[in-house]
Each structure stands twice: as structure tokens, then as C-alpha cells.
Amino acid sequence: MRERIPEPPLPDDITARDLHPSARNELKTLSKENAEQTARHLAMAAQLIDEEPERAHEHALAASRRAGRIAVVRSTLAITAYGIGDFALALRELRTYRRISGKDDMIALIVDSERGVGRPDRALEEGHGVDRASLDPEVRVALAIAMSGARLDRGETELALGELEIPELDPDRAFEWSPALFSARAAVLEDLGRADEAAFWTERAEVATSALGLDGQFDEMIVEDSLVEDFDDDDEDEGLGDTPESSVPAGHDSSDESEGATGAETAESDEESSAAAGEELEPADAEAPNADQQPVAQEAASPAPGGVEPPSGSPASDSSAAPEA
């Protein structure tokens with residue numbers, strides 16, 4: 001039997017209950033002790049991902065050695081690998097996660113990671129291989145931004161702008177995905193020399209960012225002449241819903257699943273298991289996100305890979321923290 005790799009220390013005040021119930025539910029196939037420790041490592045990864053991504057990655061690795069066949073574990077490791085710029089590892093874990101879960105909510109990270117390893121053509125193929133209409137709005141927006149970046153990698157600036165022409169591109173409504181989308185459009189317009197249009201979308205991004213920072217308790221806001229009307233969601237769901245899930249297009253190499261993220265074998269315990277501002281507004285067509293689903297840390301879109309946010313319910317994100325009792 002190979003010697004177990006030492007795990008990063010866990011603070012005494014971190015418990016399995018710090019992980020969202022939907023994520024904990026995936027660990028039920030493990031022994032009680034192993035599920036507890038795995039959940040604590042995942043919770044630590046979620047807490048550290050923004051400020052200390054390297055440490056978050058260490059905890060994700062520890063969880064993967066304990067429970068490498070659990071989807072939420074592989075997605076967490078993929079997100080932390082992406083966060084530290086290890087795009088090759090992120091790709092391997094994202095593909096394994098996608099096979100295990102059968103869902104497609106990590107497609108934007110797959111596309112951006114392909115960019116990160118220098119394969120914009122493959123990135124575009126991955127993005128075109130999914131049914132965008134079936135994606136949640138935040139995933140569709142993240143995918144559009146990643147696809148636009150891949151077009152820029154190929155020097156296709158006009159096509160990069162076209163990738164951002166999606167229903168969520170509404171300058172008069174602010175959702176959690178709006179600042180990144182508006183900023184991405186402004187950046188491409190700037191590259192095209194269309195300064196006035198770029199300035200408009202930059203201003204819209206700033207207004208949306210300001211509006212979204214008011215209290216974080218709303219689903220949608222109308223942005224009109226820099227005024228914001230806050231709408232309460234009477235049907236707000238409790239918690240954050242399911243953990244990240246992704247759908248697998250046919251033709252992917254299945255050899256990734258058997259590989260550990262670092263080459264280490266899975267531990268024995270694993271076996272146990274567009275109107276201008278100021279116009280009258282129409283109701284939003286896009287489905288609003290859950291009120292308690294907030295992004296990890298919104299970054300301005302950039303041609304460089306690494307700026308795509310994981311889905312708001314992802315385990316390695318602040319939004320996946322367990323609700324207060």
C-alpha cells in the first residue's frame with residue numbers, strides 16, 4: 001500500500017456543515033469519517049479560493065485523493081486548478097467532472113482552459129458543441145465571453161464582437177453577469193476603434209456594478225438613467241440548488257477519468273462509494289438567478305484566459321457556502 005500524501009491542516013472550527021447541503025449530499029457514498037474530512041477540505045477550498053488560491057488548491061487535492069470519483073470533488077479541483085493557472089490540469093478535471101455528472105455548466109471554463117493551453121481552435125469547437133439554449137443564463141454569458149476571447153486569440157475581432165451578441169446583452173438591466181458581459185463588449189469595441197460605443201458599454205458596466213453592490217439581495221434590477229429599482233423575489237429558492245453540473249458532448253476521450261489530478265491514486269476510502277439608457281423597459285426574458293447566488297469575484301473581461309467565473313453555485317465559490325442555520 002502506498003503511503004498517503006500528507007494533507008493540509010484543517011482549522012477546528014471548519015466542519016462538514018460549512019459545505020452546502022447539496023454538495024454534502026454527493027458524499028453519502030463515502031464512509032462517515034471520510035465524508036466528514038472530504039467535506040471539510042471542500043469547505044476550506046471554497047473559503048480560500050479568492051484570497052489564497054494556492055491553499056485552496058491544496059485542500060481540493062486532498063479531497064480528490066479521498067473521493068476522486070465524486071463529481072463535486074472533481075469540479076472543485078478543476079476550479080482551483082483554473083484559479084492558479086494550471087489550465088492543463090483544469091481541463092483534465094473538467095472533462096472528468098463532465099463525464100461523471102452528465103451536465104454542461106462548466107463549459108465556459110473548458111473553453112477558457114483550452115485557450116490557456118494555446119488551443120483557441122479547440123476552444124471554439126468545444127463551445128460550438130453544446131446547446132446554448134439549454135444553458136442557464138450565467139453559464140451562457142460566461143461561454144460567450146470565453147468564445148469571444150478565443151476569437152481574439154485568432155485575430156478575429158469582428159467575430160469576437162459577434163460572440164457577445166446574446167439575449168443577455170441588455171444595457172438597461174443588471175444581473176450578476178452583466179458587468180463582465182458589458183465590459184467584454186466594451187473591450188472588443190475599443191479594439192475595433194469604435195470608441196464612442198466602447199465608452200457607452202463601459203459606462204453601462206460601471207452602472208451595473210454599482211447597482212449590484214447595493215445589497216446583493218435581489219435577482220434583477222432595472223437600470224435607467226443610472227437609477228436602480230430593486231425587485232424582491234417572492235419565489236426565492238432556499239440555498240443554492242445543485243452543485244455544478246456539466247453535459248458531455250460525444251467524442252471526448254474517456255481516459256481522463258482514471259487519472260488522478262496529480263498522479264496520486266484515489267485513497268482506499270474512495271472505493272466506499274438592446275435599448276438605450278432611459279427608454280421604457282420590457283420584462284426580462286432571461287431567467288433571473290437565485291437571490292443568494294452571488295459571483296465569486298467579478299473580473300473585467302480580458303483577451304487573456306483565466307477571467308471566467310465558475311457558476312455561482314459551484315463548490316469552490318463563496319456562493320456555495322452553507323446557509324446560516
Enquirer: Keeping the roles fixed (side chain from E58, backbone from P8), state whether a donor-acceptor pair exists under 3.5 Å.
Expert: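 Side chain of E58 to backbone of P8: no pair is present.
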
Enquirer: Is there a side-chain contact between I107 and R98, using heavy atoms and a 4.5 Å cut-off?
Expert: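 The answer is yes, as the side chains (C-beta and beyond) meet within the 4.5 Å cut-off.
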
Enquirer: For the pair H41 and H59, name the ring-plane relationship: parallel under 30°, tilted 30 to 60°, perpendicular over 60°.
Expert: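 Rings of H41 and H59: tilted, 30 to 60°.
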
Enquirer: Please test V117 against E114 for side chain to side chain contact (heavy atoms under 4.5 Å, CB included), starting from the C-alpha separation and ending with a verdict.
Expert: CA-CA 5 Å; V117 297; E114 287 286 5; 3.9 Å; yes

Enquirer: Evaluate the side chain to side chain contact (heavy atoms under 4.5 Å, CB included) criterion for residues L27 and N34: first the C-alpha distance (whole Å), next the side-chain angles of each, then the deciding distance (0.1 Å), finally the verdict.
Expert: CA-CA 9 Å; L27 307 180; N34 190 37; over 6 Å; no

Enquirer: For a quick test of reading the model, state the closest non-hydrogen atom pair linking W177 to E168 and the distance between them.
Expert: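 Heavy atoms only, the tightest pair is NE1-CB, 3.5 Å.
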
Enquirer: Hey, does the side chain of S64 reach the backbone of L61 with a donor-acceptor pair shorter than 3.5 angstrom?
Expert: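 Yes, S64 side chain to L61 backbone: donor-acceptor pair under 3.5 Å.
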
Enquirer: Could you tell me whether E36 and K32 make a salt bridge, using a distance below 4.0 angstrom between a side-chain N and a carboxylate O?
Expert: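 No, no charged N to carboxylate O under 4.0 Å.
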
Enquirer: Answer with yes or no whether the hydrophobic clustering places M106 together with L124; edges join I, L, V, M, F, W, Y residues whose side-chain heavy atoms lie under 4.5 Å apart.
Expert: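 Yes.
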
Enquirer: Sequence neighbours left out, what passes side chain to side chain donor-acceptor pair (under 3.5 Å) with E197? Give chain and number order.
Expert: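 With sequence neighbours excluded, E197 shows a side chain to side chain donor-acceptor pair (under 3.5 Å) to R194, given in chain and number order.
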
Enquirer: Go through the structure and list residues passing side chain to side chain donor-acceptor pair (under 3.5 Å) with R40, not counting sequence neighbours.
Expert: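 Here the qualifying residues are Q37.
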
Enquirer: Name all residues meeting the side chain to side chain donor-acceptor pair (under 3.5 Å) criterion together with E52; count only those two or more places apart in sequence or in a different chain, and write none if there are none.
Expert: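 Testing E52 for side chain to side chain donor-acceptor pair (under 3.5 Å), a comparison that skips the adjacent residues, returns R55.
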
Enquirer: Please say whether more than 12 non-hydrogen atoms of neighbouring residues, nucleotides or ligands are located less than 6.0 Å from CG in D196.
Expert: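 Count not over threshold, so no.
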
Enquirer: Verify, without hydrogens or angle tests, whether D18 (side chain) and T15 (backbone) share a donor-acceptor contact under 3.5 angstrom.
Expert: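 Checking the backbone N and O of T15 against the side chain of D18, a donor-acceptor pair under 3.5 Å is found.
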
Enquirer: Would you check, one step at a time, whether the test side chain to side chain contact (heavy atoms under 4.5 Å, CB included) holds for Q47 with I14?
Expert: CA-CA 10 Å; Q47 289 192 17; I14 294 295; 3.2 Å; yes

Enquirer: Please enumerate all residues that pass side chain to side chain donor-acceptor pair (under 3.5 Å) together with R154, with sequence neighbours excluded.
Expert: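 R154: side chain to side chain donor-acceptor pair (under 3.5 Å) contacts with D121, E156.
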
Enquirer: Is a salt bridge present between R95 and E126, judged by a nitrogen-to-oxygen distance below 4.0 Å?
Expert: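 Salt bridge flag = yes for E126 with R95.
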
Enquirer: Under a 4.5 Å side-chain heavy-atom rule over Ile, Leu, Val, Met, Phe, Trp and Tyr, are I145 and L159 clustered together?
Expert: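 No, it is not one cluster - the side chains of I145 and L159 are not joined through contacts under 4.5 Å.
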
Enquirer: Please identify each residue that fulfils salt bridge (charged side-chain N to carboxylate O under 4.0 Å, His left out) with E7, with sequence neighbours left out.
Expert: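 Expected list: R66.
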
Enquirer: Please determine whether side chain to side chain contact (heavy atoms under 4.5 Å, CB included) holds for the pair L89 and H57, giving the CA-CA distance in whole Å, both sets of side-chain angles, and the decisive distance to 0.1 Å.
Expert: CA-CA 11 Å; L89 174 56; H57 188 56; 3.7 Å; yes

Enquirer: Give a yes or no on whether the backbone of G68 and the side-chain of R74 come within a donor-acceptor separation of less than 3.5 Å.
Expert: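 Side chain of R74 to backbone of G68: a pair is present.
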
Enquirer: Given 3.5 Å as the limit, does a donor-acceptor pair link the side chain of S210 with the main chain of V207, or not?
Expert: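 No; judged by distance alone, with no hydrogens or angles, the pair does not exist.
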
Enquirer: Under the salt bridge (charged side-chain N to carboxylate O under 4.0 Å, His left out) test, which residues partner E165, sequence neighbours left out?
Expert: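 With sequence neighbours excluded, E165 shows a salt bridge (charged side-chain N to carboxylate O under 4.0 Å, His left out) to R185, given in chain and number order.
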
Enquirer: Counting distance only, does the side-chain N/O of S148 pair as donor-acceptor with the main-chain N or O of A144 below 3.5 Å?
Expert: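 It does not hold such a pair.
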
Enquirer: Do M44 and L30 sit in one hydrophobic cluster, given that two such residues count as connected whenever their side-chain heavy atoms are within less than 4.5 Å of each other, even indirectly?
Expert: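 No, M44 does not connect to L30 through the hydrophobic network.
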
